[in-house]
Amino acid sequence: MSNQKKQRQADYDISIIRPQMQSEDFKMRGQGMEPARLKDIKKGLLTLHTLELMAVTIYRFQITGENCEFNRQLIAAMCNEMTHYQDFQVKLYEFGFKPSIIRLAYWFVGFVFGFISRLVSRKAILKTGIWVETKAVQHYAELLEALDWDEETRKIIEKNQADEHGHINRWKKILEMDNKAD
Ligand SMILES: [Fe+2]
Ligand SMILES: [Fe+2]
């Protein structure tokens with residue numbers, strides 16, 4: 001990763017799970033943009049929106065009823081993913097697009113990953129999280145690189161990508177501690 005990219009990532013406070021939004025933060029976007037650029041943005045936002053639904057659903061089904069620190073962390077991650085999901089849904093409508101119905105298939109994929117990993121073990125939960133989040137970070141990087149986003153949307157994508165890095169680091173740390181304790 002280039003130093004500039006690292007610096008941009010460091011600019012985001014990932015301890016903020018759900019950044020505040022005010023009325024004036026909502027804007028109608030895309031006026032005057034080239035159709036080809038808009039088409040790319042639509043595709044990018046639909047991909048991100050769908051991925052985030054999968055992420056929310058994975059965490060949802062990994063949480064158990066047990067009163068423990070691990071569940072607390074999973075709940076925070078779920079909330080963070082719900083924020084990402086909201087972010088991209090808002091951006092879709094601001095650009096005049098609509099969410100894709102096909103995303104419901106990704107709900108099901110998320111359910112399968114989440115539910116099965118919970119049935120298997122805590123380590124399976126952690127490994128699933130690390131694997132899926134790593135894929136997400138790659139997707140984010142590709143979309144940030146390839147597309148000509150408006151500055152505000154780009155910032156949202158960068159913050160969310162920084163959050164996914166945070167998730168990977170958190171799950172890796174817990175997995176390491178679990179492995180040591182074995
Ligand atoms: Fe996310
Ligand atoms: Fe994440």
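One-based numbering, in listed order, for ligands and for the atoms of each.
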### Query
What is the name of the N/O/S atom in His84 that sits closest to the Fe ion (ligand 1)?
ND1

### Trace of the salt bridge (Lys or Arg N to Asp or Glu O under 4.0 Å) decision for Asp150 with Arg29
CA-CA 9 Å; Asp150 62 294; Arg29 297 175 198 274; 3.2 Å; yes

#### Entry: Metal-centred angle, the Fe ion (ligand 2) as apex - ND1 of His167, OE1 of Glu164, 10° resolution
100°

### Message
Before you tell me yes or no, could you show the steps for Ile41 and Arg37 under side-chain contact (heavy atoms from CB on, under 4.5 Å), namely the whole-Å CA-CA distance, both residues' side-chain angles and the distance that decides it to 0.1 Å?
### Response
CA-CA 6 Å; Ile41 288 179; Arg37 185 181 176 198; 4.2 Å; yes

#### Entry: Test: Lys27 and Glu152 ion pair at under 4.0 Å
yes

### Query
Which single N/O/S atom of Glu52 lies at minimum distance from the Fe ion (ligand 1)?
OE1

### Task
For the Fe ion (ligand 2), find the closest N/O/S atom belonging to Glu81 and write down its atom name.
OE2

### Task
Could you tell me whether Asp87 and Lys91 make a salt bridge, using a distance below 4.0 angstrom between a side-chain N and a carboxylate O?
no

